[in-house]
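Here the structure is laid out as structure tokens; the discussion comes afterwards.
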Amino acid sequence: MTTTAPQQPPGTPTDAGLRRGVMSGPELAAQAIANIAPSAVIAFTAAAIFLGAGNGTIYAFGLATIVILCVGYCVVVFARKHASAGSLYTYVSKGLGPAGAYLAGATLLIGCFGIAAASLMGSVSYMSQFLTLLGVPASGLGWSIGLAIVLGGLATLFTIRGIRLSARVSLVLELLSVAIILVLLISALVWAGPGAWDPAQLLAEGSSFQGIAAGMVLGILGFVGFSSADALGREAKNPYKAIPRAIMWSALTVGILYVFAAYTQIAVLGDDLATAASPLESMSELIGMPAWFAPVLTFGVAASFFAVVVAPLNVIGRIVYVMGKEGVVHERFGRTHERHLTPHRVLLAAGALAVVVDIVFLTAGADPMEILVWVNTWGTYGYMVAYALVAIACVVYTQRAGMRNGLVWVCATIAVATMAYVFFANVFPVPAFPFNVIPYVFIICVLAALTRYWYLKARQPEVIARIGNTETSAMDGVG
């Protein structure tokens, strides 16, 4: 493995750096799972897939899991040999060079920011419902803006105070929310008794391949951000083993959870799942859960959304930190807080911008859940492009290195073809407003980001040569 230390411009200040080797395997998995937000996905996605896939919903989730594991394998090929805070930005450089790395970094930042800003609105919506169930009239524009500021500020604070603190907060909140939902799902199966056995789902009765394929699209969107542990190469203990394990096992575990949750919701609610405004709440009422469970369930979903605000902010901080080291962005973003050892300037800017974007939508009259869907869709396009790029880069990288890559070819082909299909399925047939314009907003944002690359290539070609070369071992003496 070869690493190249980035040549900093003369007079560039050194910084305290990121903490080294403080993240355990469970904490890395927490970062990955929190970025996925399985509780939030379970609350909505199974019902949306059921509309088209019907009894084939569990197979839609199963196929989505296979596709994500294919993407994960391509990421793991890099993670076993390269440790960095740059995530896919660094990995793609090994196969596609500076241009590919920059595009992967830009699209991944769009993805992370979109998921963070969108999930903030999800947390606001469910926290508002939770407070209302407790007797606090937490509705209206003022409450939404206030909650956005408070929750966005807390998420930013946790990320600045330290990666271990933010990871543990995410782990506790996600474990809590998943535990609450598992209690409901298991209770529902017990309540259903013999009716919990649903062979129609195992045989996918009444389902079509087209419906299952369409459902798979939504299933894949439920995994975005699963590889976020790869941004913690410097902060992980034994990163070359721990990060690959966190990526693959978190994806597999969440995939199994999705299949189980979908099976249970369909077995218990049946066709009512397609019309339920909140399937988990409907299930809770149907099986007669105690009155106190409703606010607990609502808080659990709010906590899951909050955890996924924290996780992508951590990734944004690390990617931009590496870019600052390499001169791609201003060098001040390539320095960390002297005491907390986190890229505080990036985190402050990203957290504040997420709050501002949401407030703009709120004051324009949008509902928090509408903002969640709109901004999440925009961010998902970023993840899809980054995932396709890392798959292509993995093929090129292994080919150049003379590595056995038969499985890489299979996984990369599945990953790229599926990402292309997902993008096509989201733009054709042309969806209703505003979903018809979101792809073009995404493309405009990418082009705007690329102007920076073109500027650097024309004016500072030495910076282009440094892109993607900042790995953990190359940062010694910097922090």
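With sequence neighbours left out, the side-chain hydrogen bond (donor to acceptor under 3.5 Å, both in side chains) criterion links D198 to Q201. Scanning for ring-ring contact (aromatic ring centres under 6.0 Å, His included) contacts around F428 gives F424, with sequence neighbours left out. When the ring-ring contact (aromatic ring centres under 6.0 Å, His included) test is applied to Y397, the partners found at least two apart in sequence or on another chain are F78, H82. With sequence neighbours left out, R168 forms a salt bridge (charged side-chain N to carboxylate O under 4.0 Å, His left out) with E27. In this structure S304 satisfies the side-chain hydrogen bond (donor to acceptor under 3.5 Å, both in side chains) test together with E174, sequence neighbours excluded. Under the rule for a ring-ring contact (aromatic ring centres under 6.0 Å, His included), the partners of F423 that lie at least two apart in sequence or sit in another chain are Y381. With sequence neighbours left out, the ring-ring contact (aromatic ring centres under 6.0 Å, His included) criterion links F130 to F299.
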Please tabulate, for the side chains in residues 429-441, all donor-acceptor contacts under 3.5 angstrom to protein atoms that are two or more places apart in sequence or on a different chain.
none

Residues 214-226 side chain polar contacts: donor-acceptor under 3.5 Å, at least two apart:
none

Donor-acceptor pairs under 3.5 angstrom involving side-chain atoms of residues 99-111: please list them, not counting sequence neighbours.
| unit_1 | atom_1 | unit_2 | atom_2 | d |
| --- | --- | --- | --- | --- |
| Y102 | OH | A449 | O | 2.5 |
| T107 | OG1 | L103 | O | 2.8 |
| T107 | OG1 | A104 | O | 3.1 |

Sequence neighbours excluded and cut-off under 3.5 Å, please list the side-chain donor-acceptor pairs for residues 274-283, or say none.
| unit_1 | atom_1 | unit_2 | atom_2 | d |
| --- | --- | --- | --- | --- |
| T275 | OG1 | D272 | O | 3.2 |
| S282 | OG | S278 | O | 3.2 |

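The CG atom of L353 sits 3.5 Å away from atom CZ of F113, with the distance rounded to the nearest 0.5 Å. The NE2 atom of H344 sits 13.5 Å away from the CG atom of L157 when rounded to the nearest 0.5 Å. To the nearest 0.5 Å, the span separating CH2 on W409 from OG1 on T398 amounts to 8.5 Å. Rounding to the nearest 0.5 Å places CZ of R318 at 9.5 Å from OH of Y321. Considering CD1 of I149 and CD1 of I145, their distance stands at 7.0 Å, rounded to 0.5 Å. To the nearest 0.5 Å, the span separating CG on L347 from CZ on R161 amounts to 13.5 Å.
Screening V385, L96, V92 against V390 for a side-chain contact (heavy atoms from CB on, under 4.5 Å) leaves a single residue, V92. S166 pairs with exactly one of N314, T156, T159 by the side-chain hydrogen bond (donor to acceptor under 3.5 Å, both in side chains) rule, that one being N314.
Closest non-hydrogen pair, M289 versus L184, comes out as CG-CD1, 4.0 Å. Considering all non-hydrogen atoms of both residues, G468 and T90 come closest at O-CG2, 3.5 Å. Nearest heavy-atom pair across A229 and A246 is CB-CB, 4.2 Å. Summarising the geometry of V355 relative to L120, their closest heavy-atom pair is CG2-CD2, 3.9 Å, with the distance given to 0.1 Å. Closest non-hydrogen pair, L372 versus A118, comes out as CD1-O, 3.2 Å. Of all non-hydrogen atoms in V408 and C394, the two that sit nearest each other are CG1-SG, 3.6 Å.
The backbone N or O of L173 sits less than 3.5 Å from a side-chain atom of S177, completing a donor-acceptor pair. Looking at S250, its side chain never comes within 3.5 Å of a backbone N or O of A29 through a donor-acceptor pair. Listed for the S119 side chain is no donor-acceptor partner under 3.5 Å among the backbone atoms of A116. Counting only distance, with no hydrogens or angles, the side chain of R234 and the backbone of S84 share no donor-acceptor pair below 3.5 Å.
At least one side-chain heavy atom of P368 sits under 4.5 Å from a side-chain heavy atom of L362. By the 4.5 Å heavy-atom criterion applied to side chains, E326 and Y89 are counted as neighbours. Taking the side chain as every heavy atom from C-beta outward, Y126 and M369 approach each other to under 4.5 Å.
Pairs of residues two or more places apart, or lying in two chains, never qualify as salt bridge (charged side-chain N to carboxylate O under 4.0 Å, His left out) while including a residue from residues 407-425.
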message: Does N55 form a side-chain hydrogen bond (donor to acceptor under 3.5 Å, both in side chains) with S207? I'd like the steps, not just the answer.
response: CA-CA 6 Å; N55 285 324; S207 300; 5.5 Å; no
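A tilted orientation is assigned to the rings of F61 and Y258, their planes being inclined by 30° to 60°.
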